[in-house]
Number of protein chains: 2
Amino acid sequence: MTQIRTRPERGRSALGPALELVHTGRAPTRAVLTAELGVTRATAGAVAAELQHLGLITVDASPTTGAASQGRPSHRLGIAPDGPVVLAAQVHADGYRAALVGLGGQVVATTPGCGTVDADPAQVIGEAVAAGAGLLAGTGRRCVGAGLAVPSAVAEPDGTALNPLHLAWPVGAPVRGIFRDCLAEAGVRAPTETGFTGNDVNLGALAEHRHGAGRGSRHLLCVATGHRGVGGALVQGGRLHSGSSGLALEVGHLVVEPQGRRCHCGSRGCLDVETDPLAFLEAAGRTPGPESSLLHQSTELLRGAYESDESVRAAAHRLIDLLGLGLAGLVNILDPDRIILGGLHRELLRVDEERLREVVAERSLWRRGGAVPLLSCTLDHNSLVGAAELAWQPVLDDPLVLQEDVPC
Amino acid sequence: MTQIRTRPERGRSALGPALELVHTGRAPTRAVLTAELGVTRATAGAVAAELQHLGLITVDASPTTGAASQGRPSHRLGIAPDGPVVLAAQVHADGYRAALVGLGGQVVATTPGCGTVDADPAQVIGEAVAAGAGLLAGTGRRCVGAGLAVPSAVAEPDGTALNPLHLAWPVGAPVRGIFRDCLAEAGVRAPTETGFTGNDVNLGALAEHRHGAGRGSRHLLCVATGHRGVGGALVQGGRLHSGSSGLALEVGHLVVEPQGRRCHCGSRGCLDVETDPLAFLEAAGRTPGPESSLLHQSTELLRGAYESDESVRAAAHRLIDLLGLGLAGLVNILDPDRIILGGLHRELLRVDEERLREVVAERSLWRRGGAVPLLSCTLDHNSLVGAAELAWQPVLDDPLVLQEDVPC
DNA sequence: TCGCTTTGTGTGGGAGGGGAACAAAATACG
DNA sequence: CGTATTTTGTTCCCCTCCCACACAAAGCGA
C-alpha cells in the first residue's frame with residue numbers, strides 16, 4: 001500500500017539515545033544533538049521532530065540566541081512543559097512522600113512528607129500511591145510509569161525488602177509486588193510494565209548521575225548514611241551496578257576499626273556502626289534521640305558545634321578518618337572516578353574536606369584515592385528522582401512505546 | 001554502478017555477535033546461531049557465509065548428525081582450522097611464555113616457559129615477542145593482533161605497570177608502549193591497533209569466562225594468588241570490570257585479620273599477607289624457599305600433607321577461614337553469581353570445599369554467599385588465553401576489519 | 001510412498017540512515 | 001547597506017540491512 005507519510009519516518013533507532021541526551025541536559029540544541037549522536041543533520045532533525053510529535057520535547061525555532069558565535073543559530077531543545085510524567089514514591093523513617101516527575105528530573109508536583117509508619121508495608125505504600133494518584137488527577141498529564149524507593153536492600157528478581165531500616169516491616173516483604181498491586185488498585189496505568197522498586201541510596205546515586213553532581217562520571221561511587229547504617233551505590237556507564245541479585249554495594253560491613261564495636265553482622269568495627277549518625281552522637285558524648293531523628297540531630301550538631309565544641313570536632317575527625325579508610329578500600333576495589341557523599345557523610349565532607357581527602361589518598365594503594373574527586377549530593381529528594389528514573393527508563397530505551405494507543 | 005555481487009552482502013551488523021557466539025562455543029550449529037542472534041534464518045545464513053568467506057569459521061553441510069531429533073539436520077559451525085591467530089605473551093616470575101591462539105581460545109602453538117628474568121622489561125618482553133614471531137613464522141597463519149599479560153596492575157590509559165610482582169622492574173614501567181615497540185620491531189602487524197596489555201589475574205578471569213569455568217556467568221568474580229599477594233578480577237556482562245583507571249579489583253587489601261601481620265599498605269591483616277603462599281608456609285611451620293617457587297612449594301605441601309600432617313591441616317583451615325571472610329566481603333560489595341579461585345586458593349577449595357563455603361555463607365550478609373558457586377580455574381595458561389582475548393576483541397567487535405587488504 | 005518437521009535459500013519490500021545539494025539565518029567585512 | 005562566510009535546517013536520492021514470505025531440501029515416522 002502506498003501510504004501517505006504525514007510524519008518523518010526516519011530516525012527510529014536513534015530515538016532513545018536522543019531522548020536521553022535531552023533528558024540529561026547534554027543536548028541543549030539540535031546542532032549539539034547532531035554532534036552527540038554522531039549522525040547527519042537530516043537524521044537528527046527527523047529524530048527531534050519525532051520526539052516533538054510524541055509530546056516529549058519542544059523545538060524552539062527562533063530563540064534570539066543570546067550567546068551566538070556565528071552562522072545560523074541552532075534550534076533550542078527543551079522538555080515539553082505538558083509532557084508525560086511518572087509517579088515517584090519514597091518510603092522513609094517518618095512516613096512517605098509522593099511526587100510527579102517529568103523528563104529532566106524535574107519534580108512537577110509533590111506531597112509534603114506524610115507521617116504514616118506502619119508494620120504493614122501495604123499500608124504505607126498504598127497511601128503513597130493514593131497520594132501520587134491524587135497529584136496525577138490534579139494535573140492533566142499522562143502517566144508513563146511509576147517507581148518506588150525504599151530504605152532497604154531490594155533482592156532481585158523477586159523485589160523483596162531484605163533489611164527494612166527504621167521500619168517495622170517484616171523481613172523479605174515483597175515490596176515490588178505490593179507496589180504494583182497498589183498501582184493497579186489506584187488505577188494507575190502505564191504503556192509499559194512498571195512499578196519499579198529499588199533501594200533509596202541506589203536510586204539517589206542514579207539521580208545524582210543523571211541530573212546532579214555525578215553528571216558525566218563513568219564510574220560513580222555514592223556512599224550515604226540514613227539514620228542508622230551506611231549505604232552505597234555504583235553507577236557505571238549510566239546504569240546502576242546492582243550485582244547478580246540486586247544486592248551489590250552493601251558497603252556497610254567493610255571493617256574500618258578492628259577493635260571497634262560489635263556489629264550485628266558478627267564482625268567488629270564495620271563502617272555501618274562506626275560512621276553512622278548514632279556513632280557520631282556517641283563519640284561526641286551526646287544522648288541520641290529517637291531513631292528517626294538521628295540524622296537530623298547529628299547533622300545539626302555537626303554544623304552548629306564543629307567550630308566551637310572540642311568534643312564534636314574530635315568525634316568528627318574520628319568519623320572522617322574511619323570513613324576515609326572505608327572509602328579507600330572501595331577505591332581499591334571499584335576504582336571510581338568520582339565519589340559522592342550523602343547524609344551525615346556529606347556534612348563530614350563539608351567540615352573538613354582536606355582531612356577526608358588526605359585519609360582516602362593515604363589509605364588507598366598508590367595514593368590514587370587522592371585523585372578521586374569527593375563531592376556532596378546536590379539534588380533535593382534524590383531518591384525520589386532516582387525512583388522516577390527507573391520509571392522513565394523504558395521510555396528512554398524506546399520512546400515509541402508512547403505511540404501506542406493511549407490507555408488511560 | 002551496477003556491480004556484480006559475488007558474495008552475500010547481507011548480515012553485516014550481526015557479524016560480531018555471531019562470531020562471538022561461535023568463539024565462545026554457544027553456537028554449534030546454524031540453527032542455534034539463528035535462535036541466539038534472534039534473526040531470521042536468511043540473515044543467519046548470510047552471516048555464517050560471510051564469516052566463512054572471511055576465513056574465520058567452517059560450515060559443514062552434511063555432518064551425518066549423530067544425535068538428530070527430527071527434521072532436516074542443521075549445518076555444523078566450527079572454527080576454521082587454518083584461520084587467523086593472535087600472538088599472546090605472558091611474563092611471570094620465572095621468565096615468559098609465548099603462544100599463538102586461535103578463535104575459541106585454542107592454543108595453536110606455544111613455547112615452553114623460558115627463563116629470562118631481567119630488570120629491564122624491554123628485555124623480557126622483547127624476547128617473548130621474538131619467540132611469538134618465531135612461532136608465527138613457523139605456521140603460515142595470519143596474525144590479527146597481540147596481547148600481553150603481566151604480573152602487575154596496569155594503569156589506564158597509559159598502560160604502565162604499577163606493582164610488578166616478583167620482577168625487578170621499575171615501578172611505572174610503560175609496558176604497553178614497550179610491548180608495542182617490540183611488536184613493531186619484530187615486524188608483527190595487525191589490521192587494527194593492537195598490543196593490548198593487562199594484569200594476569202584479570203586476563204585469566206576473562207579467559208575463564210569465555211572458555212572455562214566462568215561460561216555463562218554474568219557477574220564473575222575471580223580471586224587468585226601468585227607466589228606473593230592476592231589478585232582479583234570481575235567480569236561483568238562479558239567484559240572486564242577495569243574501573244576508571246584499570247585498577248579495580250585490587251582485593252588484596254581487604255582486612256581479614258585485624259590483629260594480623262603488618263602489610264606494606266600500612267594496615268594489618270590484609271588478604272594479601274594472610275592468605276598467600278608465604279602465609280601458608282609460615283603458618284604450617286615450613287621454611288619458605290625462593291620467592292619464585294612459593295606457589296609450587298605451597299600447593300605441593302597442601303596436596304601432599306593435608307591428610308597426614310596436623311600442622312598443615314591447621315594452616316589450611318586458618319587460610320580457608322580468612323579467605324572465606326575476604327570473599328564474603330567481596331560478595332557484599334560485588335554480588336557475583338559465581339566465584340572462581342586460582343593459585344593456592346584453588347587448592348584450598350579442593351581440600352575443604354565445605355568449610356570454605358560455610359565461612360563465605362556465614363560471614364556474608366543474609367548468608368547469601370552460601371548461594372554463590374565456588375569453582376576452580378579450569379584452563380591451562382588462562383592468563384595467556386585472556387591476553388589473546390584482548391587481541392581478538394577488535395575482530396569480535398567487527399569481523400570486517402579482516403576484509404581490508406591483507407597487510408603482511 | 002506420503003506426510004510432518006526442521007532447516008537452508010532466494011526474492012521483494014520496508015525501515016533507517018548517509019551524502020549531496022540547496023535553502024535559511026545569522027555574523028564579518030568592505 | 002550589500003556581499004561573502006559560516007553554520008544550520010531541509011529535501012531528495014541512494015545504499016544497507018534485515019524481515020516476511022514462499023519454496024526447496026533433508027531427515028524421521030507410518
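In what follows, every chain begins at residue 1, and chains take the letters A, B, ... in the order their sequences are listed. The shown structure was predicted, so the numbers you read here are calculated from the model rather than taken from an experiment.
With sequence neighbours excluded, no residue forms a salt bridge (charged side-chain N to carboxylate O under 4.0 Å, His left out) with A/Asp158. By the salt bridge (charged side-chain N to carboxylate O under 4.0 Å, His left out) test, B/Arg239 is found to be paired with B/Glu20, B/Asp397, residues two or more places apart in sequence or in another chain being considered. Every residue meeting the side chain to side chain contact (heavy atoms under 4.5 Å, CB included) condition with A/Leu375, not counting sequence neighbours, appears here in chain and number order: A/Ala213, A/Arg338, A/Ile340.
Distance CG (A/Asp398) to P (C/dG16): 10 Å, rounded to an integer number of Å. Between the CZ atom of B/Arg30 and the C1' atom of C/dT6 there is a distance of 12 Å, rounded to whole Å. The nearest whole Å value for the distance from the CG atom in A/Leu33 to the C1' atom in D/dT7 is 16 Å. Residue B/Arg76 contributes atom CZ, which lies 15 Å from atom C1' of D/dG27 at whole-angstrom precision. The distance from atom CG of B/Leu37 to atom P of D/dC17 is 15 Å, rounded to the nearest whole Å. The CG-P distance, from B/Asp60 to C/dG8, rounds to 12 Å in whole Å.
Minimum atom distance to the side chain of A/Ser74 is reached by D/dT8, of the listed D/dT8, C/dG17, C/dT9. Taking the side chain of B/Ser13 as heavy atoms from C-beta on, and the options C/dG17, D/dC17, D/dG9, the nearest nucleotide is D/dC17. Of the candidate nucleotides D/dA26, C/dA28, C/dT9, C/dA28 has the atom nearest to the side chain of A/Gln70.
Between the side chains of A/Glu208 and A/Thr378, a donor-acceptor pair is found at a separation under 3.5 Å. For the 3.5 Å distance criterion, the side chains of B/Glu156 and B/Ser242 fail to qualify, holding no donor opposite an acceptor.
The nearest heavy atom of DNA chain C to B/Ala31 and to A/Val39 marks one nucleotide each, and the one closer to the 5' end goes with B/Ala31.
Each end of the helix from C/dT1-D/dA30 to C/dG30-D/dC1 yields a helix axis from five base pairs, and these two axes differ in direction by 0° (to the nearest 10 degrees).
Pairs engaging residues 209-220 of chain A under the salt bridge (charged side-chain N to carboxylate O under 4.0 Å, His left out) rule: A/Arg210-A/Glu389 [sequence neighbours left out].
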Listing time: all N or O pairs from protein to nucleotides 21-25 of chain D that are below 3.5 Å?
from: D/dA25; atom 1: N3; to: B/Arg72; atom 2: NH1; distance (Å): 3.4

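Rounded to the nearest 0.5 Å, atoms NE2 (A/His241) and CG (A/Leu234) are 6.5 Å apart. The line from CZ of A/Arg141 to SG of A/Cys143 is 11.5 Å long, rounded to the nearest 0.5 Å. Considering CG of A/Leu15 and CG of A/Leu402, their distance stands at 9.5 Å, rounded to 0.5 Å.
The phosphate of C/dG16 (OP1 or OP2) has no side-chain N or O of A/Thr43 nearer than 4.0 angstrom.
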